[in-house]
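Have a look at the structure below, then the notes.
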Amino acid sequence: MNAFNVSEHMQALGLQAKTAAFLMARADAATKNIALKALARRLREAGPVLAVANQKDLERATAAGLSAPMVDRLKLTPKVIETVALGCEQLAGMADVIGEIIGMKQQPSGIRVGQMRVPIGVFGMIYESRPNVTIEAASLAIKSGNAAILRGGSEAIESNKALALLVSEALAEAGLPVDAVQLVQTTDREAVGQLIAMPEFVHVIIPRGGKGLIERISRDAKVPVIKHLDGNCHVYVDDTAEFGMALRIVDNAKTQKYSPCNAAEGLLVSEVVAEDFLPQIAAIFAAKGVEMRCDPAAARILRSDEAALDPAAKVIDAVETDWSEEYLAAVISIKVVAGVDEAIAHINRYSSHHTDAIVTRDHVHAQRFLREVDSASVMVNASTRFADGFEFGLGAEIGISTDKFHARGPVGIEGLTSLKYVVLGQGEVRT
Ligand SMILES: NC(=O)C1=CN([C@@H]2O[C@H](COP(=O)(O)OP(=O)(O)OC[C@H]3O[C@@H](n4cnc5c(N)ncnc54)[C@H](OP(=O)(O)O)[C@@H]3O)[C@@H](O)[C@H]2O)C=CC1
Ligand SMILES: N[C@@H](CCC(=O)OP(=O)(O)O)C(=O)O
């Protein structure tokens, strides 16, 4: 048997994607929606097959010692499958934005100038070991009329192969090119190196992952990149925060799920309310086993007799690196700040500019936070966990862009499109 040649494989995927992209760009809305509905049906029918594939991944991951939150996101449960199937149906029900023309205006010369929304072409995506992302990316590629080359996390390879087969079948059923969505068939990272350096085939790269991934992409990519990076997200509890609300939001932002990029990693509390608020949130964290990495002021409050914390509560002295850390685990950094100015300054210095929230009843503080915090999503009185394409009404998401150009925050259909100018004349010439 011939050895698997990564370079040949990637060149073949690239060429096939380029051909498919041309056909996808001219596919009509009804055909794309047939494919999406077929994919939803096939996902529901394939439950047992997907379970077998996913079990192989889970066994390998568990044997390799993957942490519990990471194993959790690898799971392709019936609920996860139903959610992505529903997502495909929701996308099918959404208006097709491809071909829409906006801003048509007549110019002094007589020509009319506007902009048409068009697919980007071929996007290459590198993402974490979360199999549902394969379907979200595939369904968004179909709806937006793009072709995609998907390189999922290595722990999810069996699940992804099974899912990619369903996508090909759904595309074929609708009469669309099966190569519109292709999965890289190897976990060899050399394939990533090839994918990001094929400008003749791939128009944009979408990396979803941590710092190691982005270092490589930034160094080696030969095509534009829309970065979907780490989330060092914060909740700031302001002087006037309503405590019940603040407790609910901070608890949810930290503990509803530990692995996502939109989970809170840092809690900032105004010194005006710190003595009262911190023991209450710390009691919740202690009950859930959340380790608290505290600055001296927070540590003093939580170690005092008045706090009356369970002796088993994990109150640790924070070090400088804690402020920049994305734990993705039952750990949170806690700092007492003088007020909204210090909170904004801290966030702008240490956050990864992903998602940050303020809990307050002060309108001026809320407005200042929204305007001055330089992050892709800024929130008032809501959990950072809402930073998600589905929750933002986009139908699905490619991920959460931490870039400032082209697309910022949760990226849906429009983030996978571009606008080109269209000019309508009646024989005008330039003088
Ligand atoms: N902003 C967003 O939308 C999202 C951001 N994230 C972020 O992702 C991170 C957690 O996910 P995690 O799986 O640990 O991320 P990783 O960065 O470790 O892995 C993500 C993907 O990148 C690949 N990869 C990583 N490093 C390299 C490299 N040097 N060369 C080639 N490929 C590489 C991985 O491949 P392999 O399988 O071979 O390791 C995997 O496919 C967190 O920082 C989280 O915040 C996660 C989801 C969404
Ligand atoms: N959109 C997602 C967040 C994406 C994300 O961070 O995924 P992961 O890092 O794989 O857990 C959500 O909140 O559901």
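This chain uses plain numbering: 1 for the first residue, then up along the sequence. Start at 1 and go down the list; that is how both ligands and their atoms are numbered. Fair warning: this is a prediction, and the values are worked out from it, not measured in the lab.
- Electrostatic pairing of Asp251 and Lys288 counts as a salt bridge here, judged by a charged N lying under 4.0 Å from a carboxylate O.
- Close approach to Gly152 involves these atoms of ligand 1, each under 4.0 Å from a residue heavy atom: 41 (O).
- With a 6.0 Å radius and a threshold of 12 heavy atoms from other residues, nucleotides or ligands, Lys161 has its NZ atom above the threshold.
- From the protein, the heavy atom lying nearest to atom 16 (P) of ligand 1 is Gly210 N, 3.8 Å.
- Among all non-hydrogen protein atoms, the one lying nearest atom 12 (C) of ligand 2 is Asp388 OD1, 3.4 Å.
- If you check which protein heavy atom lies closest to atom 3 (C) of ligand 2, you get Asn262 ND2, 3.8 Å.
- When each atom of ligand 1 is checked for a heavy atom of Gly212 under 4.0 Å away, the hits are 29 (N).
- Here the NE2-OG distance, from His203 to Ser418, works out to 11.0 Å after rounding to the nearest 0.5 Å.
- Here the protein heavy atom with the shortest distance to atom 38 (O) of ligand 1 is Arg189 NE, 3.0 Å.
- Considering both main-chain and side-chain atoms, Cys261 comes within under 3.5 Å of ligand 2 through a nitrogen or oxygen pair.
- Within ligand 1, the atoms closer than 4.0 Å to a non-hydrogen atom of Gly231 are 45 (O), numbered from 1 in the order shown.
- With rounding to the nearest 0.5 angstrom, the CD1 atom of Ile358 is 4.5 Å from the CG atom of Asp238.
- Using a 4.0 Å cut-off between a side-chain N of Lys or Arg and a carboxylate O of Asp or Glu, Asp362 and Arg368 do not qualify as a salt bridge.
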Derivation and outcome, side-chain contact (heavy atoms from CB on, under 4.5 Å), residues Arg151 and Arg189: CA-CA 9 Å; Arg151 197 285 186 186; Arg189 284 186 173 185; 3.7 Å; yes

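- Heavy-atom separations between His354 and ligand 1 include at least one value shorter than 4.0 Å.
- In this structure, Asn33 CG and Met94 CE are separated by 11.0 Å, a value rounded to the nearest 0.5 Å.
- Judged by the shortest distance from any of its heavy atoms, Arg151 lies inside the 4.0 Å radius around the atoms of ligand 1.
- Listed by number with element, the atoms of ligand 1 under 4.0 Å from a non-hydrogen atom of Leu328 are 10 (C), 42 (C).
- For atom 4 (C) of ligand 1, the choice among Cys261, Ala376, Ala387, Ser401 with the nearest heavy atom turns out to be Cys261.
- Contacts of Glu397 with ligand 2, taken as heavy-atom pairs under 4.0 Å, involve the side chain alone.
- In terms of protein heavy-atom proximity, atom 11 (O) of ligand 2 is closest to Arg130 NH2, 2.6 Å.
- Taking every heavy atom of Arg208 and a limit of under 4.0 angstrom, the matching atoms of ligand 2 come to 4 (C), 5 (C), 7 (O).
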